[in-house]
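This report concerns only the one structure given below.
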Amino acid sequence: MPEPALLTTISGARAYTREVRARGLRVGLVPTMGALHAGHQSLIERAASECDRVAVSVFVNPIQFDSPADLATYPRTLDADTERAAQAGATALFVPSEREMYPDGKPLTLVRVSGLTEVLEGAHRPGHFDGVTTVCAKLFEACEPDRAYFGEKDYQQLRVVSRMAWDLNMAVEIVPCPLIREEDGLALSSRNVRLSDKERRQALSISRGLKAAEAAFQEGERRADALKALAAEPVASAPLAEPDYLELVDAETLETVETAEAPAVLLTAVRMPSARLLDNVILDPTRR
Ligand code: PAF
């Protein structure tokens with residue numbers, strides 16, 4: 001397994017991917033904030049199966065954090081990340097410094113996708129998505145990938161970044177990849193490492209609720225109220241779990257819906273004492 005090239009500057013990343021593309025090869029990009037887990041690994045493996053070279057960016061993007069404590073405690077594990085990325089098929093790691101990405105501290109230009117960002121995560125984390133779309137636009141500029149891979153775990157982020165790429169005619173295909181769970185159902189997240197054993201046990205109520213809603217949907221239940229009640233019940237009996245929201249939304253517009261007759265997503269965010277967790281299930285009547 002060859003060591004991935006370590007790129008730390010925007011010009012270095014651009015030179016690497018331009019040279020690859022000049023040879024007629026395809027570049028995949030997997031944008032991450034590091035602390036790579038099996039979910040990231042699946043994105044890198046997918047990228048490696050579809051592209052000739054895979055760059056993984058590792059950058060804890062300060063402008064998408066609404067809580068200084070969350071930013072300060074975000075796990076940073078570059079050595080382990082390098083190994084995991086290499087094993088999954090990454091050929092380059094792009095690890096810019098904050099100064100490289102934001103030489104003036106805060107950029108004066110932000111990319112904002114209106115309409116999709118005021119709800120759900122956006123309503124609870126003001127400015128979060130402007131930070132995500134701005135850094136993604138910068139990463140796409142730096143790496144000029146043919147494809148960029150995003151997990152459905154952060155479903156709203158996936159929709160927002162896809163819409164940005166579409167609105168701005170960006171020459172990158174955004175590839176959605178399935179959410180990956182631990183064997184016991186917990187959705188993989190870099191923040192899971194912060195959970196105590198007790199929190200982790202109670203956090204399982206989130207996926208248990210969503211699975212119950214999904215099972216009911218598969219049996220023909222389409223009403224939002226009924227699906228949400230099933231998803232909410234286990235979380236309500238977990239004393240450490242505080243839901244921020246639980247919504248059934250249209251899979252494309254993210255508008256709340258009364259029924260899941262068209263492709264919809266049941267999305268939730270739950271605050272545990274040490275981490276805020278996101279999870280969702282896609283309820284698509286056309287997928288059986
Ligand atoms: O999902 C993430 O890890 C981040 O939001 C992303 C897409 C890498 C942008 O910083």
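Ligands are counted one by one from 1 in listed order, and the atoms in each one are counted from 1 as well.
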Salt-bridge present ([X], [Y]; N to O < 4.0 Å):
X      : Y      : value
Glu144 : Arg18  : yes
Asp184 : Arg200 : yes
Asp279 : Lys211 : no

Using a strict 4.0 Å cut-off to heavy atoms of [X], name the atoms of ligand 1 that fall inside it.
X      : result
Val135 : 9 (C), 10 (O)
Thr32  : 8 (C)
Pro31  : 8 (C)

task = Check the pair Thr73, Arg194 against side-chain hydrogen bond (donor to acceptor under 3.5 Å, both in side chains), reporting the backbone distance first and the verdict last.
result = CA-CA 9 Å; Thr73 56; Arg194 291 192 203 147; 3.3 Å; yes
query = For atom 10 (O) of ligand 1, which candidate among His128, His40, Gln64 provides the closest heavy atom?
reply =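 Of the listed residues, Gln64 has the closest heavy atom.
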request  = If you have a sec, work out which protein heavy atom is nearest atom 1 (O) of ligand 1 and how many Å separate them, to one decimal?
outcome  =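 Ranked first by proximity to atom 1 (O) of ligand 1 is Gln157 NE2, 2.8 Å.
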Ring geometry between Phe59 and Tyr102 (parallel below 30°, tilted from 30 to 60°, perpendicular above 60°) = tilted
request  = Would you kindly specify which portion of Leu139 sits under 4.0 Å from ligand 1, judged on non-hydrogen atoms: side chain, backbone, both or neither?
outcome  =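 For Leu139, no heavy atom sits under 4.0 Å from ligand 1.
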